[in-house]
Amino acid sequence: MTPIYQTSTFVQEAPATHKGYEYARSQNPTRTALEACLASSENAKFGLSFSSGVAATDAIIKLLVPGDEVIAAEDMYGGTYRLFTKIYEPMGIRFHFVNMADPDALRPLFNDKTKLVWTETPTNPLMSITDIARVASICKEKNVMLAVDNTFATPWVQNPLDLGADLVMHSATKYLGGHSDVIQGCIMLNDPQLRDRLYFIQKSCGAVPGPMDCFLVLRGLKTLHVRMKAHAENGEKIAHYLRNHPKIEKIYWPGFEDHPGHDIAKKQMRGFGGMMSIVLKEGTKEAIARMMTNTKLFALAESLGGVESLINHPASMTHASIPKAERDKIGVVEGLIRLSVGIEDVDDLLEDLKIALEKV
Ligand SMILES: Cc1ncc(COP(=O)(O)O)c(C=O)c1O
């Protein structure tokens with residue numbers, strides 16, 4: 001097994017003559033092994049691993065300078081929205097939020113200051129789909145970088161670089177780690193100059209993961225394909241059950257033919273994963289609380305992508321940092337509940353949801 005190099009520094013042969021490793025903020029052999037594995041998972045030349053998904057996103061935004069503009073998905077993880085609007089907007093970077101499911105909506109937003117397009121697909125929590133190849137071709141035409149947050153899909157299901165993106169980012173905390181026991185992020189890419197710039201940002205700003213965490217993500221990656229198959233199988237059965245349930249108003253899961261992004265999802269993804277969101281017919285706080293406190297296998301918690309099923313209330317949890325008016329506009333309503341379907345026995349999961357829904 002890859003050793004866990006639990007060391008902050010490395011003995012050198014002579015002043016400034018080292019054996020490939022000098023100080024663990026710059027490099028660590030366990031991290032090097034992980035970064036090679038991450039790169040190969042996305043058919044990328046390079047991988048960089050960070051202390052969290054948000055730290056990986058942060059490094060990408062640090063490629064920009066005040067005055068630069070970004071076109072970003074209006075529906076995405078709340079923490080990314082918070083980073084953009086609360087940290088970088090006050091520093092002079094301008095963000096335009098747009099419905100990425102409609103690539104033509106991007107066109108009027110480009111100008112000579114646009115440096116980056118940021119999307120997430122499927123989005124958290126509404127499972128909206130970006131046509132990566134189409135958006136990538138618009139970005140190429142405009143000479144603007146495209147970054148894709150591939151956390152929900154995983155490299156097993158979708159490879160944005162192969163579809164023309166310049167950067168792919170993951171919260172490795174989720175499916176890549178897979179066991180809800182580590183916080184980590186990563187970026188995979190092909191351009192050597194961009195890699196060097198991001199590496200410089202990484203070592204200068206210091207958001208690096210520890211060796212034990214790198215070991216855990218390496219271990220998680222070994223079973224990614226097996227877990228993803230199980231997540232997708234369970235996800236499909238649960239999505240169909242919930243769709244026909246009388247207490248459910250709406251379900252967001254890209255595997256349904258009437259999901260707005262289904263055809264693109266089918267084209268660019270190898271499966272539809274285990275993430276989905278539902279809206280209860282009775283969208284009151286009390287009804288939501290009754291559902292969410294009565295599941296036993298679906299644990300009420302933030303995060304997703306672990307082997308254990310989780311249930312989450314985006315409006316008050318993962319997406320609380322998005323103002324209510326914005327949330328309502330995009331569909332992250334009070335009554336929305338997000339499920340991360342794990343790999344437990346599917347009949348047990350169905351029974352768990354059935355009992356909780358009876359209490360609504
Ligand atoms: C889609 C997506 N991107 C990024 C992040 C941020 O990752 P982390 O929590 O590892 O910083 C999350 C976390 O929930 C996420 O769901």
Side-chain angles (χ1 to χ4, degrees), residues 34 38 42 48-62 70 72-88 97 100 118-130 132 147-155 157-158 160 165 167-188 202 205-210 213-214 216-217 220-221 231 252 254 269 273-277 299-306 308 310-322 327 330 332 336-341:
L34 170 63
L38 289 168
E42 284 285 10
L48 288 167
S49 127
F50 290 82
S51 54
S52 69
V54 162
T57 307
D58 180 69
I60 294 174
I61 304 302
K62 282 183 175 137
V70 179
E74 65 183 2
D75 160 30
M76 61 177 174
Y77 170 57
T80 308
Y81 179 87
R82 180 176 58 200
L83 179 70
F84 290 178
T85 56
K86 296 284 188 292
I87 304 292
Y88 283 104
F97 294 98
M100 284 283 170
W118 180 278
T119 193
E120 193 180 289
T121 180
T123 57
N124 180 358
L126 295 173
M127 309 304 296
S128 133
I129 305 291
T130 304
I132 301 173
V148 178
D149 181 337
N150 203 26
T151 301
F152 265 41
T154 81
V157 168
Q158 171 176 280
L167 297 156
V168 54
M169 172 265 153
H170 286 266
S171 167
T173 312
K174 311 296 177 337
Y175 287 107
L176 303 188
H179 297 76
S180 307
D181 52 11
V182 64
I183 295 281
Q184 205 175 106
C186 56
I187 301 171
M188 289 79 127
Q202 184 191 42
C205 299
V208 293
D213 289 353
C214 291
L216 287 172
V217 176
L221 282 163
H231 283 296
Y252 297 90
M269 296 169 74
M275 293 302 302
M276 64 196 66
S277 294
L300 172 54
E302 302 218 358
S303 204
L304 59 106
E308 302 87 0
L310 297 181
I311 187 164
N312 168 281
H313 183 231
S316 66
M317 295 166 72
T318 46
H319 291 66
S321 52
I322 301 178
R327 285 201 311 263
I330 58 176
V332 183
L336 190 80
I337 293 173
R338 191 188 74 188
L339 298 175
S340 172
V341 176

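As the structure lists them, so they are numbered: ligands from 1, and atoms in each ligand from 1.
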Which residues satisfy the side-chain contact (heavy atoms from CB on, under 4.5 Å) test with A56, sequence neighbours excluded?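 side-chain contact (heavy atoms from CB on, under 4.5 Å) list for A56, sorted by chain: F50, M169, I187.
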Do the side chains of P122 and I129 get nearer than 4.5 Å, heavy atoms only?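 Yes. Closest side-chain heavy atoms under 4.5 Å.
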Report yes if the side chains of F152 and M269 come closer than 4.5 Å at any heavy-atom pair, otherwise no.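 The answer is no; the side chains never approach within 4.5 Å.
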For residues 312-322, dump all side-chain donor-acceptor pairs below 3.5 Å to protein atoms at least two apart in sequence or in another chain.
residue, atom, partner, partner atom, Å
N312, OD1, T318, OG1, 3.2
H313, ND1, S316, OG, 2.7
H313, NE2, E334, O, 2.6
H319, NE2, M76, O, 3.2
H319, NE2, N124, O, 2.8
S321, OG, G78, O, 3.1

Can you list every side-chain hydrogen bond (donor to acceptor under 3.5 Å, both in side chains) pair that touches residues 72-87, not counting sequence neighbours?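 Qualifying pairs: D75-T123.
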What are the distances between nitrogen or oxygen atoms of ligand 1 and protein nitrogen or oxygen atoms, counting only those under 3.5 Å?
residue, atom, partner, partner atom, Å
ligand 1, 3 (N), D149, OD2, 2.6
ligand 1, 7 (O), S171, OG, 3.0
ligand 1, 10 (O), G53, N, 2.9
ligand 1, 10 (O), S171, OG, 2.8
ligand 1, 10 (O), T173, OG1, 2.6
ligand 1, 11 (O), G53, N, 3.0
ligand 1, 11 (O), V54, N, 2.9
ligand 1, 14 (O), K174, NZ, 2.7
ligand 1, 16 (O), N124, ND2, 3.0

Identify the heavy atoms of L336 and P125 that sit nearest to each other, and give their distance.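 For L336 versus P125, the nearest heavy atoms are CD2-CG, 3.7 Å.
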